[in-house]
2 protein chains.
Amino acid sequence: MTSRNVSKTVVKRLPVYLRILDNLILRDVEIVSSRELSMESGFSAEQIRKDLAYFGAFGTRGTGYNTAYLRDKLLKIIGLDQKTKVIVIGAGHLGTALTRYNAVKNLYIDIVAVFDRDRRVVGQQIGHIRVLPFEKAPEIIRKHQVKVALITVPETSAQKVVDEITRHGITAILNFAPAKLHVPEDVHIQNSDLTIDLQSLIYYSTAEKERLSRLQKENEESKTQKQKILKID
Amino acid sequence: MTSRNVSKTVVKRLPVYLRILDNLILRDVEIVSSRELSMESGFSAEQIRKDLAYFGAFGTRGTGYNTAYLRDKLLKIIGLDQKTKVIVIGAGHLGTALTRYNAVKNLYIDIVAVFDRDRRVVGQQIGHIRVLPFEKAPEIIRKHQVKVALITVPETSAQKVVDEITRHGITAILNFAPAKLHVPEDVHIQNSDLTIDLQSLIYYSTAEKERLSRLQKENEESKTQKQKILKID
DNA sequence: TAGATTGTTAATCGATTAACAATC
DNA sequence: TAGATTGTTAATCGATTAACAATC
């Protein structure tokens, strides 16, 4: 184990391993090899062994990994060994979906509160959680020492929301608004942009080669035309 | 321009450029440099120039890129030059959020239909789109020649849904169910797992170094203890 | 012509895979 | 002991960055 900073790509795989272990434990499987984890996850066995080895030697040579033991270690590595407190800002459909899902399934996450600016939404229940007015956010963040926030508000208000909550102690944000938000240096922000995911998927929905060779031909034909467009436009 | 297959990381950035261009055009900006695109996107200017150069020479040396021209090219590259037809399977909160967002904003996407198995949901309206029973999916897919599907059903039914829709012509799937789904070779599937995004974010919500050095100490202390646990468990 | 910025080649960096010694 | 699988080092691959000639 080296204690150099672990790369993002590795961190992104850890929760995948965690979920697989959860499922294995549910099925009373006690030992799992990197090869089996590879089949479940789609990552190579070498990569999995290397990922885990960043943090310690958790396996047994000749045998594999004890599922309960490895899960315990992964929880500590990711920081999920205590239930992590999370707030959700924005009680629209997306905010509701996220709240419902994470509140129902036990995913080591504790949704402390959901906030919205819209008076018509405030007071509604999402499962057992009541939607609070956004002005209450600072108080709740401080009281429960919440560090993590999910933002599902429209892009027009996203920056204001981020400014406000980072001021009161939020250090990690998962942002669903399609905007590049500015945060203080010590705050970690991660964007999840479903439209971009969808558009990049569409790239693969029709034959890539044909589309690109058609484009190439078009490019060649229009080398002269290009200048015209640039002038006219 | 080479016509080798373009890597996934490049394809993932193209819709980001597209969105920035849309905004610039809305603000009547006609020319943009790779440096400016870099500031808006967070990707390096060199990387942006290189990404675009995979597909052709769209800029003007000494000047930059014509925004309208580059957008036009990007639409053709991604395959969004005709509105792409998409279906949504699962009319829960997530499915509703995706449908609403993509139907309202013009994102070059045409949501043809939303399906659900639950009779109580069928018939409801999401914007101007009516929720149809899932049995209608094959007919609609064939009639409109839909290639792209978003799946927001529970993990227990996700595989069945995928099997059914791929049989009728779907070739690209964005899956929100937390499961590794099996698809025919010619079908492209991309997973969007919001829980995994959230858990990997949590890794960064508390001081990484301290947590990991605590873990390291624990590992050293329990080298002997480890065997015990493995035996007992 | 001088200044600016692209498009492209070369250098660097990082991540994945291969290989194998350690060891259960 | 023989067979299996980890943990780790070395080799490969791919992606990003640096540098600069081409050219508007």
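Since the structure is predicted, the reported quantities are computational estimates derived from the model, not experimental observations. Order of the sequence lines sets the chain letters (A, B, ...), proteins ahead of strands, with each chain counted from 1.
- For the side-chain hydrogen bond (donor to acceptor under 3.5 Å, both in side chains) test, no residue two or more places apart in sequence or in another chain qualifies with A:Asp81.
- There is a side-chain donor-acceptor pair under 3.5 Å between A:Arg211 and A:Thr206.
- In this structure, the CD atom of A:Gln47 is 13 Å from the C1' atom of D:dC13, given to the nearest Å.
- A close approach under 4.0 Å does occur between a side-chain nitrogen or oxygen of A:Arg13 and OP1 or OP2 of C:dT16.
- The side chain of A:Arg49 lies closest to C:dC20, out of C:dT17, C:dC20, C:dT6.
- To the nearest 0.5 Å, atoms CZ (B:Arg100) and NE2 (A:His93) are separated by 4.5 Å.
- Phosphate contact (OP1/OP2 of D:dC24, side-chain N/O of B:Thr63, threshold under 4.0 Å): absent.
- Residue B:Ser34 has its side chain nearest to C:dT6 when only D:dT17, D:dG7, C:dT6 are considered.
- Whole-Å rounding puts the A:Tyr54 OH to C:dG14 P distance at 11 Å.
- Base pairing in DNA chain C gives the following stems of 3 or more Watson-Crick or G-U pairs, range against range and under 3.5 Å: C:3-24 with D:3-24.
- For the 3.5 Å distance criterion, the side chains of A:Asp51 and A:Gln47 fail to qualify, holding no donor opposite an acceptor.
- Atoms CG (B:Asn66) and C1' (C:dT6) sit 14 Å apart, rounded to a whole Å.
- The residue among A:Arg61 and B:Gly62 whose nearest nucleotide of DNA chain D lies closer to the 5′ end is A:Arg61.
- We find that B:Lys76 and B:Asp72 are joined by a salt bridge, their nearest charged nitrogen and carboxylate oxygen being less than 4.0 Å apart.
- As rounded to whole Å, 14 Å separates atom P of D:dC24 from atom OH of B:Tyr69.
- At a cut-off of 3.5 Å, with distance as the only test, no side-chain donor of B:Asn102 or B:Tyr108 sits close to an acceptor on the other residue.
- A straight line from NZ of B:Lys8 to P of D:dA15 spans 11 Å, rounded to a whole angstrom.
- Projected onto DNA chain C by closest heavy-atom contact, B:Glu46 and A:Glu46 fall at different nucleotides, the more 5' of which corresponds to B:Glu46.
- Between C:dA10, D:dC24, C:dC20, one nucleotide has an atom nearer to the side chain of B:Thr60 than all others, and that is D:dC24.
- With C:dG7, D:dT17, C:dA18 as the choices, the nucleotide that has an atom nearest any side-chain atom of B:Tyr65 turns out to be C:dG7.
- Remark: C1' of C:dT6 and CG of B:Asp51 are 14 Å apart, rounded to the nearest angstrom.
- Counting to the nearest Å, the P atom of C:dT5 and the CZ atom of B:Phe58 are 20 Å from each other.
- Separating the CZ atom of A:Arg35 from the C1' atom of D:dA4 is a distance of 11 Å, rounded to the nearest angstrom.
- Within 6.0 Å of atom NZ in A:Lys83, more than 12 heavy atoms from other residues, nucleotides or ligands are found, so the atom counts as buried in its surroundings.
- Here C:dT6 is the nucleotide among D:dG7, C:dT6, D:dT16 with the atom lying nearest to any side-chain atom of B:Ser33.
- Picking from C:dT9, C:dG7, D:dT8 the nucleotide with the shortest atom distance to the side chain of B:Lys50 gives C:dT9.
- For the pair A:Arg49 and A:Tyr65, the cation-pi criterion (under 6.0 Å, within 45° of the ring axis) is not fulfilled.
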